[in-house]
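Predicted model, so just to flag it, every value in this text is computed and none were measured.
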Amino acid sequence: MYGENASPNTESPPHVPAPGALLADTSRGDRVGEFRGVAGPYWSLRPVGGGREWEVEPRYVRPALLMEQLRARTARLNARSRGEVL
């Protein structure tokens with residue numbers, strides 16, 4: 001039933017999202033970021049409007065809620081209108 005190295009208590013690795021997917025980092029107060037890729041045991045996220053990437057353990061990440069996505073995208077558009085980002 002289970003593979004040679006698998007057991008019923010082994011957690012499967014979380015599904016890796018597509019690059020650019022908006023995720024909420026629950027270890028940082030639900031901070032929303034774009035998924036950038038996998039770095040060892042961590043996932044790399046970047047603020048929606050650009051900025052410094054950060055790494056987080058996948059267990060602390062969840063898909064961003066629609067309201068969180070809208071808030072992050074609106075903040076980026078506002079920064080763009082002020083000339084802060086391209």
From CG (L77) to CG (L70), nearest 0.5 Å: 10.5 Å
Closest non-hydrogen atom pair between P41 and P58, with its separation: O-CD, 3.2 Å
Single-linkage hydrophobic cluster, 4.5 Å side-chain cutoff, Y42 and V16 together: no
Backbone N/O of R71 and side chain of T74: donor-acceptor pair under 3.5 Å: no
Heavy-atom closest contact (L23 atom, P63 atom, distance): CD2-CA, 4.0 Å
Over all atoms of both residues, closest heavy-atom pair of G49 and R76: CA-CG, 3.6 Å
Donor-acceptor pair between W43 and D25 side chains, under 3.5 angstrom: no
Shortest non-hydrogen contact from Q69 toward A64: NE2-O, 2.9 Å
Residues R73 and E68 bridged, charged N to O under 4.0 Å: no
Face-on cation placement of R36 at W54 ring, 6.0 Å and 45° thresholds: no
Pair R46 + E53: basic N to acidic O under 4.0 Å: no
Expected output: side-chain E34 to main-chain A21 donor-acceptor under 3.5 Å: no
L45-V32 co-clustered via ILVMFWY side chain contacts under 4.5 Å: no
Test log, rule side chain to side chain contact (heavy atoms under 4.5 Å, CB included), inputs R31 and T26: CA-CA 7 Å; R31 182 177 180 192; T26 62; over 6 Å; no
Y60-V38 co-clustered via ILVMFWY side chain contacts under 4.5 Å: yes
